[in-house]
Amino acid sequence: MSKYALALVNIKGLGVKTFSYLIPDEMKDKIQIGQAILVPFGRQGLINAFCVGFSDYLPEEIKAKKISKILDETPLFSIDYLKLLEWVANYYCCDLVTVLNAAIPLKLIEKASKTEQLVEFITIEGATKRQMEVLQKLKESGKMPLVIFEKYAKTTRATIKKLENLGCLRLVTEEIYRNPLDILKIENTEPLSTLEGEQLSAYNGISKKIKENSSAQMLLYGVTASGKTEVYFKLIDDTIKAGKNVLFLAPEIALASQLTKRLAKKFGTKDVAIWHSSISDGERYDVWQRLYKDDIKILAGARSAVFAPLKNIGLIIIDEEHEGAYKQTSPAPRYDAKVVAQKLAEFHNCPLLLGSATPDISVYYRAVNSGNLFEMKHRYRNAPIAPVTVINMQEYSKAAYKSVISKPLQTAISETIEKGQQVILLINRRGFSTFTQCQACGHVIECPNCAIPMIWHAKDQQLKCHYCNHISYFPDFCPECGSDALKNSGTGTQKIEQYVKDLFPDNTIERIDSDILVRKGEHIRLLERFQKGDIDILVGTQMIAKGLDNPNVTLVGVISADASFNLPDFRASERGFQLLTQVAGRAGRGEFTGRVLFQTYNPDYYALASAKSQNYSEFYNTEIVAREEFDYPPFSQMIRLIISSINNFRAEKSAQEIALRMCMMIEKYGISERLEVLGPTPCVIERINGYYRFQIIIKNKLEEKGHNFISSFLNKITMPKDVKLAIDVDPLDIL
Ligand code: ADP
Ligand code: ZN
Ligand code: ZN
């Protein structure tokens, strides 16, 4: 047995850290990884901690103090669990403590030793008159937590102690599990649906695959409302019948809650639990304990649920896998739950099933090339999807409200609201970037090296590439058609809301974008009002594209489809295609048929054309060729470094130094062909909170070897005090 234990502690002001403690002889055969322990810590006296490892040596030249107590002999996590977290730390280039911090809720450390004391009534015999009043209250209320009872009966701990000694009441310590699903009060469960047609073949294919290869990683590509959830349910049922557990991830808390309700209806509340960042600490602690005791069969949750210590996993499902919310962008660890789930599945030797109507390009690529793709191309029972019309704005750019709302869209809006039906108008642009587009032919000025749009910088009167720093001047004529109709795009949501209000002064028009998020709950309130029919036209950004299931919406208009595709990001076409396909799916979900209108200056753009026909494979086939040509994922791994400082010059200088040293190392090893360093360049969002930001982008075509090279390089550099370095492996966007 080792001499020292590594204890994970959470210190006010210091955050989560590990320290070494001497293991007293009497604990040597009891202590285990994952146990909650009590340790002395400076002036703070005894504090709660977790045992996370052992060693025979002390890293610091100090005398280690002794562990005081093992608080709970049942560990809260296993060695394998820690191994997974170590893998995450290594992959995302951060330390284990940072990952622990994200994975194990801090509150668990504090909660671990707390057991709830309850008071229970026995008799009023022998009590004084004053004491009787207290006892009477307890008799009425029944067994109650001590702290709550003290307040409720307006009494003191001393009185309760006295009553305990008199034998009038007793204090008991009990574990009560708080299950957030209990309030649903679901008594009878619904039977599973009978699968048919494409669903049945997808299900059969997936189960066959799982039988051949128990750790297969598969993709279920099924258009919206094709019945993916019903397929998941059947697979879940098979898994629990085989005595194993299921982890089911959804991209957002709201979707995870909806899903959990559906799961509870099918499988009963007892076996289902939910996990996300907003459940209460008490609930979290309880779920955690139940997970450890293998008392939960289906755990549903958002991103962070991938770190819940679910045992004996037999299947992992990730629904809407294309959603960006699976990746934590900030703070570190900047992990992607999809990547962690892949590793988790390997640890458990279990299958992983990803599902989407608009799959991530890299995921689709891997699935197609490994024979792990399953498809459902039609809606359940062939329900129709709303047809899309593309409006060529080149014809309308000189009319009234030019370049904002074309005549056909205006007419469609009038017709819809006259019928008492509702409209969604999507404005997909983020105020900070301005691309240059020809209004005669739709051509967008792009960087010749990177194939991403150049961004107009009014201050310097230049177009810049934010990947490689390529600079050019604003051309007088369109390089494609020679017209002089080149324009910088940029109309914000507020301005468009105003245009729409001017056009339809008698209707109720509301706007949802990130500005209104400042007012807490406003977003939900507006969506509820829209759902009830109190709003005729809802104007908004991508926030309105998801989840809305309002049968009275029969028109979806996209103001500038081009803006979706022209962010300076290699994934912009993919994101744009997903957004347009998903938003189109909001129209005509009820008994009325719907229609969808996309406004564009570039009607032939491949991603737009595929979104119009809602043809994913057509989009994929074009996109994958471009990815290969420019070595973008899945043909390389991207690692992004963000170097920032209050001092613009210092940030730039540090960034240059890092890039230079990295290039020299890469030269030395003769791998510059396969490990490309781009930049430094200013980030598209040049300053956040007063911090000037520069980025270095690394394209790694050496897989694990390249990754290890980069991470060991980054491990060795020390940053000056006033400059920060953030490492983002597989960044979601590069803005
Ligand atoms: P998706 O997850 O692909 O968007 P859902 O699983 O939510 O689709 O299915 C869409 C709708 O069709 C739901 O209302 C669902 O209950 C219904 N549905 C799908 N498959 C079946 C089935 N086999 N039997 C009965 N209803 C089904
Ligand atoms: Zn042109
Ligand atoms: Zn470039």
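Start at 1 and go down the list; that is how both ligands and their atoms are numbered.
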### Message
Parallel, tilted or perpendicular, judged at 30° and 60°: which one describes the rings of F248 and Y232?
### Response
perpendicular
### Query
Looking at atom 16 (O) of ligand 1, what's its closest protein heavy atom, distance included?
E230 OE2, 3.3 Å
### Task
Take the Zn ion (ligand 3) as the vertex and measure to SG of C465 and SG of C447; round to 10°.
110°
### Query
Among protein heavy atoms, which lies nearest atom 25 (C) of ligand 1, and at what distance?
Y380 OH, 3.1 Å
### Query
Is a side-chain donor-acceptor pair under 3.5 Å present for Q421 with T554?
yes
#### Entry: For atom 1 (P) of ligand 1, closest protein heavy-atom neighbour
K228 N, 3.6 Å
### Task
Could you give me the CA-CA distance, side-chain angles and deciding distance for Q199 and H378, then say whether side-chain hydrogen bond (donor to acceptor under 3.5 Å, both in side chains) is met?
CA-CA 10 Å; Q199 279 180 327; H378 303 92; over 6 Å; no
### Query
Angle class for the Y616/Y221 ring planes (parallel below 30°, perpendicular above 60°, tilted otherwise)?
tilted
### Ring-face cation contact, Y632 with K699, 6.0 Å cut, 45° max
yes
### Query
Starting from atom 23 (N) of ligand 1, which protein heavy atom do you reach first, and at what distance in Å?
T194 O, 2.8 Å
### Query
Between T600 and D562, do the side chains contain an N or O donor and an N or O acceptor separated by less than 3.5 Å?
yes
### Task
Just do the side-chain hydrogen bond (donor to acceptor under 3.5 Å, both in side chains) check on N615 and S617 with the steps written out, would you?
CA-CA 6 Å; N615 188 338; S617 52; 3.3 Å; yes
#### Entry: Heavy-atom gap R262 to ligand 1 smaller than 4.0 Å
yes
### Task
For the atoms SG of C481 and SG of C438, give the angle they form at the Zn ion (ligand 2), rounded to 10 degrees.
110°
### Message
Give the atom numbers and elements of ligand 1 that come within less than 4.0 Å of a heavy atom of A225.
### Response
1 (P), 3 (O), 4 (O), 8 (O), 10 (C)
### Message
For N550 and Q422, which I'm curious about, is there any donor-acceptor pair between the side chains at under 3.5 Å?
### Response
yes
### Task
Answer yes or no: does an N/O atom from T224 fall short of 3.5 Å to an N/O atom of ligand 1?
no
### Message
What protein heavy atom lies closest to atom 2 (O) of ligand 1? Include the residue and the distance to one decimal.
### Response
T229 OG1, 2.7 Å
### Query
N/O to N/O below 3.5 Å, does that happen between L195 and ligand 1?
no
### Message
Heavy-atom distances under 4.0 Å decide this one: backbone, side chain, both or neither, for E198 against ligand 1?
### Response
neither
### Query
Under the 4.0 Å line, does any protein heavy atom show up next to atom 11 (C) of ligand 1?
no
### Task
Answer with yes or no whether the side chains of S356 and E320 bring together a donor and an acceptor at under 3.5 Å.
no
### Summary
Quick look: D319 vs ligand 1, heavy-atom contacts under 4.0 Å, and the answer is neither
### Option nearest atom 9 (O) of ligand 1 (shortest heavy-atom distance, choices S356, G585, G227, S193)
G227
### Task
Using side-chain hydrogen bond (donor to acceptor under 3.5 Å, both in side chains) as the criterion, point out the one residue from K338, E574, R575, Q582 that pairs with H322.
Q582
### Query
How wide is the angle at the Zn ion (ligand 2) between SG in C441 and SG in C478, to the nearest 10°?
110°
#### Entry: Test item: side-chain donor near acceptor, E618 and S610, under 3.5 Å
yes
#### Entry: N or O pair under 3.5 Å between Q199 and ligand 1
yes
### Task
Indicate whether atom 14 (O) of ligand 1 is within a distance of less than 4.0 angstrom of some protein heavy atom.
no
